[in-house]
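Chain naming here is simple, since letters A, B, ... match the order of the sequence lines and numbering starts at 1 in each.
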Amino acid sequence: MVPSRARRIEEVRTISFEFEGLAVQAQEGDSVAAALTAAGIVDLRDSPVSGAPRGIYCMMGACFDCLVEIDGQPNRQACMCEVREGLVVRRQQGRAELEL
Amino acid sequence: MSARSVDLLVIGAGPAGIAAATEAAGLGLSVSVMDEQSRPGGQIYRGIETASPKRLAVLGKDYAAGRSLTESFRSSAAEYLPDTLVWNIGSDRSVDFSRGGRAQQMNPSAILVATGALERPMPIPGWTLPGVTTAGALQILLKSSGIVRDNCVLAGAGPLLWLVATQMIAAGARPAAIVENLPRGRIVAGLRHLPGALRAREYLFKGLAMIARVKAAGVPVYANATGLAIEGSTQAEAITFSSGGRQHRIETDAIALHQGVVPNQQITRLVGAEHRWDAAQACFHPVLDARFRTSADSIYVAGDGAAINGARPAALQGRLAALLIAEDQGRRVGTERIRRLQAGIARDKSVRPMLETIYAPAPEILAPADSTLICRCEEVTAGEIRSVVDLGAPGPNQIKSMLRAGMGPCQGRVCGLAVAQIIADRKGETPEETGYYRIRPPIKPITLAELAAYAPDEDAPRAASGDAAA
Amino acid sequence: MSDTDDGADTLVVGGGLVGAALAWGLARLGERVTVIDEGDVALRASRGNFGLVWVQSKGDGMSEYARWTRQSADLWTDFADELEAASGVSPEYQKPGGLHFLLSEAALEAKRAQINRMHNVNGALGYGVELLDRKALDGIFPGLGPDVIAGSYSPHDGHASPLKLLRALHAGLAARGGRYVSDAKAQAVERDGSGFVVRTAKGSFRGGKVVLAAGHGNKWLGPSLGLNVPLIPEKGQILVTERIRPLLPMPTHVLRQTTEGTVMIGDSHEDTGYSTDSETPVLTRIARDAVRSFPALAGARIVRSWGAVRILSPDGCPIYQESESHPGAFSVNCHSGVTLAGAHALSLAPMLARGKLDSELDVFSSRRFADGSVTRAAH
């Protein structure tokens with residue numbers, strides 16, 4: 001198989017955020033989902049039902065498949081959240097965890 | 001924090017919504033537009049305000065045409081509330097919305113729902129694997145961030161599939177293949193409607209040109225494909241199907257599915273508006289009168305949320321709806337203007353019978369195999385739905401109760417039509433008889449903290465009192 | 001649309017939690033049962049059930065109801081096991097005990113008085129509810145908000161999934177050869193020879209006995225059989241969160257975490273007729289109370305809300321009655337379709353199979369409302 005490398009057709013201002021402890025370069029105006037896609041990251045979470053991996057699907061806020069943890073908040077829609085410098089993003093591992 | 005009143009609230013800042021708002025504001029109505037995105041344009045003109053010349057060139061002139069719409073909207077007197085989620089409309093038409101993490105209320109005299117379309121669910125084996133997206137998602141990546149995926153397989157059918165393919169080619173990311181699941185005989189059936197469609201022939205020319213461009217670029221096209229399935233364990237690895245009498249397997253980790261678009265019913269269902277089943281398109285439409293009014297008091301719908309027609313007629317409908325709403329509110333509106341808009345919409349619609357005949361969803365997509373997941377959120381299969389129908393469950397709401405289908409965070413947006421169809425087929429009735437999920441607030445999740453801090457009828461958050469048991 | 005079959009032993013009108021529990025209970029005794037139900041859109045209180053198997057506070061003012069409730073809770077473990085074995089679907093019953101939060105001194109005093117009143121309802125078994133101070137609460141239920149000053153705990157309380165329970169009962173009924181007919185709202189129920197006939201848009205159905213378990217529908221269906229049941233609609237609304245990792249160690253009267261992880265948040269008691277609409281002011285009040293009781297929930301996302309109409313008798317206690325003018329016709333109503341499912345399936349259904357209610361249920365006859373002396377009590 002020829003991997004389906006995701007890439008950008010142009011460059012604008014670059015910002016940096018973190019996904020699972022790794023630095024990810026994004027561009028201003030990207031959604032978190034778009035920036036992760038451009039970085040080649042497709043596995044964003046485990047389903048809380050079966051544990052199966054999931055990634056982006058609709059990119060327009062309808063399907064809730066691209067849920068990730070953003071700055072400690074669980075189950076955020078990666079496609080509806082714009083990237084900001086220094087965001088800390090993690091895979092959503094199953095159910096949300098709330099601190100007592 | 002008492003609620004504000006406006007003459008017209010428009011929900012959705014796509015072509016229908018912003019055209020309506022611009023028009024209504026021009027007629028002197030006080031107008032607010034709420035939209036979940038950060039910039040106007042909807043999905044069809046996503047990123048139109050920030051797209052570079054290169055991106056505009058890749059996406060084509062029909063996309064670029066959206067810029068004049070957003071410019072007029074920006075310079076209108078309409079209030080624009082981006083990053084705003086409408087999560088409830090009460091029986092008194094008070095609108096609960098969320099903005100900046102804070103729930104607020106507005107009291108409009110009229111509400112125009114311009115929430116557009118969603119892609120039809122295309123449940124096939126493996127469609128939940130990472131690497132599988134909708135075709136629209138690929139296009140949104142390109143429009144909003146200039147991102148393309150090389151070697152993508154586009155699977156399904158519909159004008160959008162060809163449009164995405166040509167845009168990817170223009171961006172230098174030629175798709176690996178197109179797997180078209182159009183049943184045999186559809187083109188011939190569609191040609192019956194050619195004479196009428198010639199009234200809007202530019203759509204036909206555009207379509208033929210797209211197909212020619214894809215073929216000229218050397219993209220393999222597999223026609224009349226059946227038995228589509230996606231393989232993979234932790235992400236998509238291949239797509240398999242039959243075409244031309246042979247079984248095919250294309251290795252790929254990027255697959256974009258498309259099976260047409262359908263009206264987004266969430267808000268029209270929330271307000272309890274009457275809907276009708278469109279058997280040819282296998283989707284529900286809100287029932288509208290000639291003035292864009294639903295059966296729910298003060299609720300209007302324009303654009304693809306009413307019925308799929310595309311961006312240009314959506315904008316014309318938005319303008320026309322605004323004029324009629326203004327008339328309903330006692331303003332004088334020029335009849336010539338109304339007539340011209342009606343004529344423009346009718347002309348654009350003349351291509352629809354042909355397109356709808358050709359691109360009606362493939363029967364096999366409407367009747368998924370028992371093992372195929374239908375509800376992506378709660379992971380409910382077609383077979384489970386059928387088995388509960390066999391126990392006697394009468395419709396989608398009882399299925400939801402018994403299997404959790406439609407109970408997840410997407411609230412049935414993705415699976416709703418598929419669930420209704422599977423139940424109807426099993427019971428031997430039409431989805432109109434079967435019905436649809438009852439949609440409840442909040443129509444998208446909001447935090448308990450936000451709801452708790454919300455005191456719509458009071459000046460300050462109320463102090464809780466008494467025993468929680470009440 | 002045929003004028004149907006050779007008739008069932010028992011016709012059950014209503015396929016909700018009450019009707020389905022009775023139908024399965026009858027079928028497991030070998031009865032031929034037909035259940036007649038409405039369509040997809042109906043009041044359907046079962047879909048709005050909170051899922052508690054709840055003993056504490058039930059039957060204050062009517063000790064027989066307290067005992068009947070406790071009997072059902074005691075039956076629930078065996079009932080759940082047998083039902084799962086019969087249907088392949090677990091109703092997800094758990095019995096970790098249950099907690100009722102108290103947020104004021106007044107509420108604490110009222111609860112103390114109630115516990116004293118209830119002390120002897122179960123004789124030697126005891127009522128089994130104890131008051132816990134805040135320190136004791138923290139030991140069994142970490143994370144309570146500062147406004148929770150005390151709580152009452154009952155080891156007999158538990159919870160189940162009302163939706164899985166309903167599905168299990170339907171599957172169990174089908175496995176026993178029972179018949180379930182939906183989209184068949186009962187239009188009339190009449191005497192038919194030695195039995196009864198229910199007329200619906202899907203045809204007429206016959207049975208030797210008939211059990212009305214149609215919730216509020218009993219009010220309209222009952223009179224032709226000499227069954228007059230006064231019922232009051234009371235709306236309850238519920239908020240449901242996204243799936244969360246285990247957070248609540250046991251169910252409480254206003255918060256319950258399901259096995260899937262969603263937290264159900266309720267409950268309201270509204271006098272709004274038969275409306276099942278979700279109303280924002282009530283939902284915000286429920287949200288405030290929940291955050292006050294358990295602050296960690298503040299960050300949880302609400303995925304759904306729900307509204308349903310409870311079936312309340314004037315005193316809040318069940319109505320079990322056989323018609324005097326039409327022997328063989330029964331009316332069954334309650335608002336605790338989950339709590340009482342054990343008793344309905346394993347105790348009441350055998351009485352219906354025999355065709356006679358035991359005298360211990362005499363007290364639940366609607367005759368108790370006839371003289372107008374019964375006033376609305378806690379339920």
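- Listed options A/R54, A/Q77, A/M59 were ranked by heavy-atom pairs under 4.5 angstrom with chain B; first place goes to A/R54.
- At a 4.5 Å heavy-atom cutoff, the contact between B/I147 and chain A is made by backbone and side-chain atoms alike.
- Heavy-atom pairs under 4.5 Å with chain B peak, among A/S31, A/A35, A/A38, A/P53, at A/P53.
- Contacts between B/R404 and chain A at a heavy-atom distance below 4.5 Å are absent for every atom of the residue.
- No other option in B/G131, B/S52, B/S38 has as many heavy-atom pairs under 4.5 Å with chain A as B/S52.
- Of the atoms belonging to B/T447, not a single heavy atom falls under 4.5 Å from chain A.
- Interatomic distance, OH of A/Y57 versus CG of B/L257, reported as 5.5 Å (0.5 Å rounding).
- By number of non-hydrogen pairs under 4.5 angstrom with chain B, the leading residue of A/P48, A/C79, A/A62, A/G61 is A/A62.
- Of all heavy-atom pairs spanning B/G172 and A/R7, the tightest one is O-NH2, 2.7 Å.
- Contacts between B/A173 and chain A at a heavy-atom distance below 4.5 Å involve backbone atoms as well as side-chain atoms.
- Residues B/D253 and A/V42 fail the side-chain proximity criterion, which asks for heavy atoms closer than 4.5 Å.
- Heavy atoms of B/R376 lying under 4.5 Å from chain A belong to its backbone as well as its side chain.
- Judged by distance alone, with hydrogens and angles left aside, the side-chain atoms of B/K54 form no donor-acceptor pair with the main-chain N or O of A/E10 at under 3.5 Å.
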Passes side chain to side chain contact (heavy atoms under 4.5 Å, CB included), A/D43 versus B/Q235? Steps please.
CA-CA 8 Å; A/D43 176 0; B/Q235 69 176 76; over 6 Å; no
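- Note that CG of A/D65 is 6.5 Å distant from SG of B/C377, once rounded to the nearest 0.5 Å.
- Contact annotation: the side chain of B/E119 never approaches that of A/M60 to less than 4.5 Å [non-hydrogen atoms, C-beta and beyond].
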Test side chain to side chain contact (heavy atoms under 4.5 Å, CB included) applied to B/Q37 and A/M80, step by step:
CA-CA 7 Å; B/Q37 297 292 334; A/M80 298 296 285; 3.7 Å; yes
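- Inter-residue side-chain proximity for A/F64 and B/K444 is flagged as met; some heavy-atom pair is nearer than 4.5 Å.
- Both the backbone and the side chain of A/S50 come within less than 4.5 Å of a heavy atom of chain B.
- With a 4.5 angstrom heavy-atom cutoff, B/T50 does not touch chain A via any of its atoms.
- A donor-acceptor pair is defined here as one N or O able to donate and one able to accept, closer than 3.5 Å; no such pair exists between the side chain of A/R8 and the backbone of B/V148.
- In this structure, the portions of A/D30 lying under 4.5 Å from any heavy atom of chain B include both its backbone and its side chain.
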With side chain to side chain donor-acceptor pair (under 3.5 Å) as the test, would you mind laying out the steps for A/S47 and B/E379 before giving the verdict?
CA-CA 9 Å; A/S47 144; B/E379 301 189 18; 2.4 Å; yes
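- Neither the backbone nor the side chain of B/I255 has a heavy atom closer than 4.5 Å to any heavy atom of chain A.
- Using a 4.5 Å cut-off between heavy atoms, B/I250 does not touch chain A at all.
- When heavy atoms are compared at a cutoff of 4.5 Å, A/E82 approaches chain B solely by way of its side chain, counted from C-beta outward.
- The side-chain heavy atoms of A/T37 and B/T133, taken from C-beta on, include no pair separated by under 4.5 Å.
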